[in-house]
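These notes are about the structure you will find just below.
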Amino acid sequence: MKKILVLMASSVVFGCAEVQKVEVPKNKEQKIVQVGEETSMKLLKTLKGALMDAMQKGGPDEAVEVCSKKAMALTSQIEKETGYSVKRTTFNYRNPANAPDKYEAEALRYFEESIKKGQMPQYYVQAINENGKVMYRYYKPLKVEGVCLTCHGDPNLMDKKLLEKIKALYPNDKAVGYKDGDFRGVVRVTIPADKI
Ligand code: HEC
């Protein structure tokens with residue numbers, strides 16, 4: 001009895017938010033990858049479509065406005081459509097809302113370390129137990145392409161007015177200085193275990 005009381009007391013003190021990593025069941029991985037890939041591609045297609053549209057219509061100046069005003073709204077729209085939480089995240093973020101949490105940081109380090117060893121994994125999967133509810137997380141790596149350099153490239157080579165506009169919107173911007181082919185970050189898709 002005494003033991004039980006002590007256990008109960010310690011879980012009241014320490015156990016309010018129980019969040020911890022757990023094993024991804026091997027027989028679930030294929031389905032997680034399939035759902036994660038579909039959902040992340042949906043987000044990327046939507047965002048890239050909006051970006052290219054704005055670049056064609058009004059050039060990079062207008063596209064920056066579109067990115068800053070629409071990227072988060074389009075992300076929420078994809079969450080509503082698919083029912084899964086999605087996020088773009090990176091260590092070098094422009095929008096502070098995209099900063100990584102502890103588990104996202106682990107996924108980012110996994111890709112960075114693999115790249116150092118000359119590998120480029122297609123994805124990374126985690127399982128996290130949040131207060132008894134298991135959530136799978138699928139991470140898709142993102143690479144920088146030519147068109148991205150307009151707004152994420154070497155600041156010395158970027159259009160001065162555009163750079164000023166970006167700095168005014170994001171005073172602590174970390175998302176410049178990239179080269180074609182660089183690892184930029186990930187798309188994270190969270191899938192509740194009972195959906196798989
Ligand atoms: C017209 C300028 C512009 C171009 C071109 C552009 N971006 Fe961005 N990007 C932004 C802005 C502004 C934000 C911050 C707003 C947001 O998306 O949350 C951003 C944010 C991001 C983020 C979210 C993380 C963060 O830093 O906040 C990723 C990932 C990203 N861009 C990747 C890319 C990739 C990959 C390309 C090329 C396919 C690209 N961007 C092209 C302007 C641009």
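In each ligand, atom 1 is the first atom listed, and ligand 1 is the first ligand listed.
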### Query
Do Thr90 and Arg184 have side-chain heavy atoms sitting under 4.5 Å apart?
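When only atoms from C-beta onward are counted, Arg184 and Thr90 do touch, with a gap below 4.5 Å.
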
### Note, Met120 side chain near Pro141 side chain (heavy atom, < 4.5 Å)
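Answer yes - side chains close enough.
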
Mind checking whether [X] contacts ligand 1 via backbone (N, CA, C, O), side chain (CB onward), both or neither, at a 4.0 Å heavy-atom cut-off?
{"X": "Asn98", "result": "side chain"}
{"X": "Arg88", "result": "side chain"}
{"X": "Leu51", "result": "side chain"}

Provide, to 0.1 Å, the distance between [atom] and the closest protein heavy atom, together with that atom's residue and name.
{"atom": "atom 13 (C) of ligand 1", "answer": "Arg94 CD, 3.5 Å"}
{"atom": "atom 15 (C) of ligand 1", "answer": "Tyr170 OH, 3.3 Å"}
{"atom": "atom 36 (C) of ligand 1", "answer": "Cys148 SG, 2.7 Å"}
{"atom": "atom 32 (C) of ligand 1", "answer": "Arg184 NE, 3.6 Å"}
{"atom": "atom 43 (C) of ligand 1", "answer": "Cys151 CB, 3.4 Å"}

### Ile78 side, atom CD1; Lys42 side, atom NZ - distance, nearest 0.5 Å
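Answer rounded to 0.5 Å: 7.0 Å.
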
### Query
Going from CG on Asn27 to CD1 on Ile32, what distance comes out if it is rounded to the nearest 0.5 angstrom?
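With rounding to 0.5 Å, CG (Asn27) is 9.0 Å from CD1 (Ile32).
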
### N, O or S from His152 under 2.8 Å to atom 8 (Fe) of ligand 1
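An N, O or S atom of His152 is closer than 2.8 Å to atom 8 (Fe) of ligand 1, so yes.
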
State the atoms of ligand 1, each with its element, that fall below the 4.0 Å cut-off from a heavy-atom position in [X].
{"X": "Asn92", "value": "26 (O)"}
{"X": "Pro60", "value": "1 (C)"}
{"X": "Val64", "value": "1 (C), 2 (C)"}
{"X": "Ala63", "value": "1 (C)"}
{"X": "Leu142", "value": "29 (C)"}

### Query
Looking just at side-chain N and O atoms, do Thr190 and Arg188 make a donor-acceptor pair shorter than 3.5 Å?
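Yes, a side-chain donor-acceptor pair sits under 3.5 Å.
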
### Query
Do you know which of Glu29, Lys31, Gln126, Lys28 makes side chain to side chain contact (heavy atoms under 4.5 Å, CB included) with Tyr136?
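Among Glu29, Lys31, Gln126, Lys28, the one meeting side chain to side chain contact (heavy atoms under 4.5 Å, CB included) with Tyr136 is Lys28.
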
### Message
Any heavy atom of Thr89 closer to ligand 1 than 4.0 angstrom?
### Response
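Contact check Thr89 vs ligand 1: negative.
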
### Message
Below 4.0 Å from ligand 1: does a non-hydrogen atom of Gly185 turn up there or not?
### Response
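Gly185 does not count as a contact of ligand 1 under the 4.0 Å cut-off.
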
### Message
Looking at every heavy atom in both Lys140 and Ser40, which two are closest together, and how far apart are they?
### Response
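Nearest heavy atoms, Lys140 then Ser40: CD-OG, 3.4 Å.
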
### Shortest non-hydrogen contact from Cys151 toward Val176
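Nearest heavy atoms, Cys151 then Val176: O-CG1, 4.1 Å.
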
### Task
Check each of Tyr138, Tyr110, Tyr103 against Tyr124 using the ring-ring contact (aromatic ring centres under 6.0 Å, His included) test, and report the only one that passes.
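That would be Tyr110.
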
### Message
Check this for me, if you would: do Asp101 and Arg137 make a salt bridge, where the nitrogen-to-carboxylate-oxygen distance has to be below 4.0 angstrom?
### Response
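Salt bridge between Asp101 and Arg137, a charged N being under 4.0 Å from a carboxylate O: yes.
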
### Query
Is it true that Glu65 and Lys69 make a salt bridge, defined as a side-chain N closer than 4.0 Å to a carboxylate O?
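A salt bridge links Glu65 with Lys69.
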
### Query
Taking both backbone and side-chain atoms of Asn95, is any N or O found less than 3.5 Å from an N or O belonging to ligand 1?
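Min N/O separation from ligand 1 is below 3.5 Å for Asn95.
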
